[in-house]
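What follows is one structure encoded as C-alpha cells, with my remarks underneath.
Every heavy atom of this structure was used, including side-chain atoms; hydrogens, water molecules and symmetry mates were not.
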Amino acid sequence: MKKIRNPWKEPKNIGEYNCFACSPYNSSGLQLEFWENHDELITKWNPERSYEGWIGVLHGGIQATLLDEIGGWLVMVKLKTAGVTSNMQVSYLKPVKVSKGEVTVKGKLESVEGRIAKISASLYDGDGEECAKAELSYFVFPENIAKARYQYPGIDAFYD
Ligand SMILES: CCCCCCCCCCCCCCCC(=O)SCCNC(=O)CCNC(=O)[C@H](O)C(C)(C)COP(=O)(O)OP(=O)(O)OC[C@H]1O[C@@H](n2cnc3c(N)ncnc32)[C@H](O)[C@@H]1OP(=O)(O)O
C-alpha cells in the first residue's frame with residue numbers, strides 16, 4: 001500500500017484548512033489519512049465513544065462522512081482533479097460497534113460519464129466485516145477550475 005501525501009498539511013494552512021474529515025489541524029475532525037492499493041483508495045480510522053449514536057454504535061452520519069471523503073480523495077488521486085459530491089446513497093448493513101476498534105473504508109472508481117464520476121465505497125468494522133456501503137456521484141471539475149477554485153495542487157503533490 002502506498003501512502004498518499006496530504007498536500008495541504010503545511011503550517012501556513014493552519015486556520016485555513018479545516019476539512020472536518022481530513023484536516024490534521026481540525027481538532028474536532030476525523031483527521032483522516034489515505035493509502036492507495038492498486039485501483040482502491042483506503043482510509044483507516046479509530047472511532048471513539050464520542051462518535052456514537054445509539055449506545056456502542058458509530059453514528060451513521062459519521063459513517064457517511066467516511067464514505068464521502070474516500071470519494072473526494074479518490075477523485076483527486078485517480079482522476080487528478082477535484083470534485084464535489086452531487087449524490088450519495090448509503091446502505092447501512094450492520095451496526096458498526098465502536099468497541100471493535102479501527103474501521104477501514106475503501107473506495108473505487110466505477111465509471112466516468114461526462115462530468116459525473118461514479119464511485120463505490122465500503123466501510124468495514126474492526127472485525128473486517130462490511131457494515132456500510134455507498135454509491136456516490138461526484139461532479140468533477142476540469143483541472144484548471146479545480147486548481148483555480150478548489151486549491152487542487154496537481155497530482156504530483158500527493159506523492160513523496
Ligand atoms: C488552504 C488549503 C485548503 C485545502 C482544502 C482541501 C480540502 C480537501 C477536501 C477534499 C475532500 C472533500 C470531500 C468532501 C466532499 C463534499 O463534501 S463536497 C460538498 C457537498 N457537495 C456540494 O456542495 C455540491 C453542491 N452542488 C452543486 O454545487 C451543484 O449541484 C453541482 C454538483 C456543481 C452541479 O451543478 P450544475 O448546475 O449541474 O453544474 P454547472 O452549474 O453547470 O457547473 C458547476 C460549476 O462548475 C463550472 N464548470 C463546470 N464545467 C466546467 C468547464 N468545463 N469549464 C469551466 N467551468 C466549468 C461551472 O462554471 C460552474 O461554476 P459556477 O457557476 O458555480 O461558478
Side-chain angles (χ1 to χ4, degrees), residues 1-14 16-48 50-51 58-85 88-94 96-112 117-141 143 146-147 150-160:
M1 279 211 296
K2 197 189 296 177
K3 180 88 200 292
I4 299 296
R5 190 173 166 271
N6 185 331
W8 301 287
K9 188 178 172 180
E10 298 174 40
K12 72 170 177 145
N13 289 329
I14 293 174
E16 286 300 313
Y17 175 25
N18 298 312
C19 177
F20 171 71
C22 70
S23 172
Y25 303 126
N26 184 342
S27 57
S28 307
L30 309 184
Q31 304 191 347
L32 298 177
E33 297 181 307
F34 300 88
W35 290 263
E36 187 177 27
N37 189 21
H38 303 288
D39 58 348
E40 284 183 335
L41 216 70
I42 297 171
T43 187
K44 291 171 179 286
W45 179 72
N46 210 353
E48 291 168 10
S50 50
Y51 296 98
L58 181 61
H59 198 290
I62 298 292
Q63 295 184 45
T65 300
L66 290 162
L67 291 159
D68 189 12
E69 189 72 7
I70 201 80
W73 279 74
L74 191 93
V75 168
M76 292 192 288
V77 171
K78 295 296 190 188
L79 293 178
K80 303 179 175 59
T81 185
V84 290
T85 326
M88 76 184 275
Q89 180 160 345
V90 183
S91 301
Y92 296 98
L93 308 171
K94 292 175 184 169
V96 177
K97 300 269 175 59
V98 171
S99 60
K100 289 189 176 176
E102 188 176 74
V103 300
T104 301
V105 185
K106 297 182 180 180
K108 196 173 146 201
L109 180 67
E110 297 294 342
S111 65
V112 182
K118 301 268 189 193
I119 291 163
S120 61
S122 291
L123 186 154
Y124 303 86
D125 71 8
D127 287 344
E129 215 166 336
E130 186 183 41
C131 291
K133 62 182 182 178
E135 301 299 325
L136 299 123
S137 298
Y138 259 79
F139 185 94
V140 176
F141 296 100
E143 190 186 4
K147 284 183 166 165
Y150 289 87
Q151 291 85 32
Y152 183 73
I155 187 62
D156 291 346
F158 291 88
Y159 296 100
D160 284 320

Contact summary for Glu143 and Gly154, nearest pair of heavy atoms: OE2-CA, 4.3 Å

Phe34 side chain reached by Glu69 side chain, heavy atoms, under 4.5 Å: yes

CG-NZ distance between Leu41 and Lys2, expressed to the nearest 0.5 angstrom: 11.0 Å

From NZ (Lys106) to CG (Asn37), nearest 0.5 Å: 7.5 Å

Close side-chain approach of Tyr25 and Glu16, heavy atoms under 4.5 Å: no

Residues forming a side chain to side chain contact (heavy atoms under 4.5 Å, CB included) with Tyr92, sequence neighbours excluded: Gln63, Ala64, Val90, Ala132

Min side-chain heavy-atom separation Trp8-Pro24 under 4.5 Å: no

Ser27 to Gln31 - nearest heavy-atom pair and separation: CA-NE2, 3.9 Å

Tyr124: partners by ring-ring contact (aromatic ring centres under 6.0 Å, His included), with sequence neighbours left out: none

Derivation of the side chain to side chain contact (heavy atoms under 4.5 Å, CB included) call for Trp73 and Asn6: CA-CA 10 Å; Trp73 279 74; Asn6 185 331; 3.9 Å; yes

For Glu10, side chain to side chain contact (heavy atoms under 4.5 Å, CB included) partners two or more places apart: Lys12, Asn13

Exercise: identify the closest heavy-atom pair between Ala117 and Val140: CB-CG2, 3.7 Å

Under-4.0 Å salt bridge between Lys3 and Glu33: yes

Ser23 side chain to Tyr17 backbone, donor-acceptor under 3.5 Å: yes

Side-chain heavy-atom pair Phe141, Val84 within 4.5 angstrom cut-off: yes

Euclidean distance, Asp160 CG relative to Ile4 CD1, rounded to 0.5 Å: 9.5 Å

Nearest-0.5 Å distance, OG1 of residue Thr81 to NZ of residue Lys147: 8.5 Å

For Gly101 against Asn46, the heavy-atom pair lying closest together: C-OD1, 3.6 Å

Residue pair Trp35 / Met1: nearest heavy atoms and the distance that separates them: CB-SD, 3.9 Å

Side-chain heavy atoms of Trp45 within contact of Ile62, under 4.5 Å: yes

Short side-chain to backbone donor-acceptor contact, Tyr152 and Met76, under 3.5 Å: yes

Heavy-atom side-chain contact between Leu32 and Ile70 under 4.5 Å: no

Side chain to side chain contact (heavy atoms under 4.5 Å, CB included) involving Gln89 - partner list, sequence neighbours excluded: none

Spatial distance of atom OG (Ser120) from atom NZ (Lys108) [nearest 0.5 Å]: 6.0 Å

Any pair counted as salt bridge (Lys or Arg N to Asp or Glu O under 4.0 Å), so long as it reaches residues 119-128, sequence neighbours left out: Lys100-Asp125, Lys100-Asp127

CG on Leu123 to CG on Leu58, rounded to 0.5 Å: 7.0 Å

Identified side-chain contact (heavy atoms from CB on, under 4.5 Å) counterpart of Tyr138 within the set Leu74, Val112, Leu109, Thr85: Thr85

Heavy-atom pair with the smallest gap, counting every atom of Val98 and Glu48: CG1-C, 3.8 Å

Set of salt bridge (Lys or Arg N to Asp or Glu O under 4.0 Å) partners for Glu135, sequence neighbours left out: none

